[in-house]
Q: 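The structure that follows is given in the form of structure tokens.
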There are 2 protein chains.
Amino acid sequence: MTSHTHGRRPTLEDVARRAGVSKSTVSRVINGEPKVRAEVVEQVRQVVAELGYVPNQAARQLVTRRTGAVAVVASQPQNRLFLDPFFDCLLRGVRRELAEHGSQAVLLFLDDPDDYTGVADYLAGGHVDGAALFSLRPGDRLHEMADRLDIPVVFGGRPLLRDGDTVRAHAYVDGDNRGGARQAVQHLVALGRTRIATITGPYDQEHSAAERLAGYRDVLPGAEPELTERADYTEQGGAQAMAALLDRRPALDAVFAASDLMATGALRTLRERGRRVPHDVAVVGFDDLTEITESTDPPLTTVHQDVERMGRLMARLLFDQDARPPSVVVPTRLVRRQSA
Amino acid sequence: MTSHTHGRRPTLEDVARRAGVSKSTVSRVINGEPKVRAEVVEQVRQVVAELGYVPNQAARQLVTRRTGAVAVVASQPQNRLFLDPFFDCLLRGVRRELAEHGSQAVLLFLDDPDDYTGVADYLAGGHVDGAALFSLRPGDRLHEMADRLDIPVVFGGRPLLRDGDTVRAHAYVDGDNRGGARQAVQHLVALGRTRIATITGPYDQEHSAAERLAGYRDVLPGAEPELTERADYTEQGGAQAMAALLDRRPALDAVFAASDLMATGALRTLRERGRRVPHDVAVVGFDDLTEITESTDPPLTTVHQDVERMGRLMARLLFDQDARPPSVVVPTRLVRRQSA
DNA sequence: GTGAAAGCGCTAACAG
DNA sequence: CTGTTAGCGCTTTCAC
């Protein structure tokens, strides 16, 4: 049973008085500094428990300039966000790394433009030691916001800067989109395929989509433009793109879809049109979201990214901003299943 | 272009000196107090902008005892959480209300038991002015945690306390589960149905499930036990329960499913077994998740809850803990579509 | 090892 | 209307 019914929360001083020592000593015990006599430590601990003392973070922050919290900001409607296993996994990585570092992750949403001010003020207000930003919507003002912050910041996914953008370059962690795409296409080539199509993401809006297309072109510099079809990273979009591709080039024998979701859509169209996979058309995806890739028919060959690791790296960059390189690109590897 | 290259962030005092006024005056301007000469306000604002001054929250908190932030804690794996449109909508309500009150919502996850300490420390550490807790997993220690906090706390959904639980009763906001169930069943009765079954949620684990079952029994005190089948709030579970019910009582002519998801499953089973809805069997759900209810075949008659309003109420209770009643039950209403 | 004293940056009476 | 004076609760030199 905890005591002290007089509303006031106990302070360091209360503990000190009751334990018959100075505030400094109590502070030392609280912070686990080694140079305190064991018996004093015991004594203080006892009083702390008795009084139910909890340090006032504001006071502590004021002098240490550390909050013990890090913000994760996502600029997407909350409801659609977690449907994305990619983000889910990334977030888990960030959280795990932060926890090991003794920091708590707090998530902020930037659903609609009205949220902007609140979030910006929160981040600038010294509530957190750093911020991991996920710029998932082309129009968000996350980079602009990051610019004004004087805490460490790191982006998940490389920002797509437009010409004329004046924001400074921020640290980021990203997968090796271009290299991964190359691996995928090279695999298709190695399989002996000669008419290799690609279904791309929205490459004018997302850096990853642009890079994955670049990787395709690296391997197939002379590919016909008719073998490239742009979609939007969704399954539905993938299905439509596949249909368009088939209409234009019925003889194609392979397709590299720039995301697993689009690959799933492509698989559906191929099935509907009676093409056998991989016999008639080989299919490779990107992301390796196991929820998806292992349940497609046939199981999807795809480019794997170590997403949790990417999340952990983001957190680490926050604590070590002087690290160079300030940004990191995480390698990918091809996971071969049955579709190619 | 901002000046002062010497690392230190500008303080109130810097602004005061440069503007030729006292700290108090600057403070007044910052906090928008009315009694300052307009020309001084202008002058101070200018210097604030010049210096890029941002108030130090820790210092402010230390004296005002207010952080401007409220935590929303969810004890469920993050990935499954947002699949639930119910939570999504509730969270939106909480956030909107908080925003109007000048507070920022920060989301904390309690995925696995390891997270417990971090979250508890964060909440107890004075980082937030209050906490909205969603106890979604029977085994979580959210109530125990709430007990130790000295900030206002409110639960989303009424806690199911077990006999012998010693935690004190916390404020909560919940829908009128029992009343809503009654409305649903009464509607079925009014339709002239005489063999009305129910598919329940996990009533030993969730308060809402127990209440919805109670509502069914209120209207049909003499219902045969064979007309009640327990499921788990999922679509799959609803489908199986419907099958079991049909096997036992092929002549049933109506079913009240305690969630829209389960109702959807029931609809599927009914269709597979050749029963026409609502002609042969009338179906009523619960929740009115429009994503679901408007796309079922036929569109689902269900019990509507104003979920966003519930979220807003939660936030309001946080700021007004002396409000009585300390907890509130939000009314429901039947939305009639085609299934009953 | 331990204590005393000096702030961290801000707000809140209280005078003027 | 504005300035002065005290702290808020904690950490951190610096002596002892």
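In this text, all values refer to a predicted model and were calculated from it rather than measured experimentally.
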Q: Answer with base, sugar-phosphate or nothing: what part of the nucleic acid does Arg28(A) contact at a heavy-atom distance below 4.0 Å?
A: base
Q: Is the phosphate of dG9(C), meaning OP1 or OP2, less than 4.0 Å from a side-chain N or O of Arg9(B)?
A: no
Q: May I ask you to verify if any side-chain N or O of Ser22(A) is less than 4.0 angstrom from the OP1 or OP2 atom of dG3(C)?
A: yes
Q: Under the side chain to side chain contact (heavy atoms under 4.5 Å, CB included) rule, collect the residues that match up with Arg96(A), sequence neighbours excluded.
A: Arg92(A), Glu308(A), Arg312(A)
Q: Just how far, in rounded Å, is P of dG7(C) from NZ of Lys23(B)?
A: 13 Å
Q: Round to the nearest Å and state the distance from Gln61(B) atom CD to dG9(D) atom C1'.
A: 12 Å
Q: Arg37(B) has a side chain; which of dT2(D), dC10(C), dG7(C) sits nearest to it?
A: dT2(D)
Q: If you count heavy atoms of other groups shown closer than 6.0 angstrom to CZ of Arg316(B), is the number above 12?
A: yes
Q: Pick the closest DNA chain D nucleotide for Thr25(B) and for Leu62(B) by heavy atoms, then say which residue is nearer the 5' end.
A: Thr25(B)
Q: Round to a whole Å and report the spacing from CD of Glu13(B) to C1' of dG3(D).
A: 13 Å
Q: Just how far, in rounded Å, is C1' of dT4(D) from CG of Leu12(B)?
A: 15 Å
Q: Whole Å only: how far is the CZ atom of Arg17(A) from the P atom of dA4(C)?
A: 13 Å
Q: Rounded to whole angstrom units, what separation is found between the CD atom of Glu33(A) and the C1' atom of dG3(C)?
A: 14 Å
Q: Within this structure, what is the CZ-to-P distance between Arg8(B) and dG9(C), rounded to whole angstrom?
A: 7 Å
Q: Using whole Å, what does the distance between atom C1' of nucleotide dG9(D) and atom CZ of Arg65(A) come to?
A: 15 Å
Q: Looking at Ser27(A), I'd like to know whether one of its side-chain N or O atoms comes within less than 4.0 Å of OP1 or OP2 on dT11(D).
A: yes
Q: Can any side-chain N or O of Asp121(B) pair as donor or acceptor with the backbone N or O of Gly118(B) at less than 3.5 Å?
A: no
Q: Would you say Arg60(A) reaches dT11(D)'s phosphate, i.e. side-chain N/O to OP1/OP2 under 4.0 Å?
A: yes
Q: Under 4.0 Å: is that the gap between some side-chain N or O of Asn31(A) and OP1 or OP2 of dT11(D)?
A: yes
Q: Does a side-chain N or O of Ser24(B) approach OP1 or OP2 of dT2(D) to a distance below 4.0 Å, or not?
A: no
Q: Applying the side-chain contact (heavy atoms from CB on, under 4.5 Å) test to Val330(A), which of Val307(A), Asp174(A), Val173(A) qualifies?
A: Val173(A)
Q: On the 0 to 90° scale, with breaks at 30° and 60°, tag the His127(A)-Tyr122(A) ring pair as parallel, tilted or perpendicular.
A: parallel
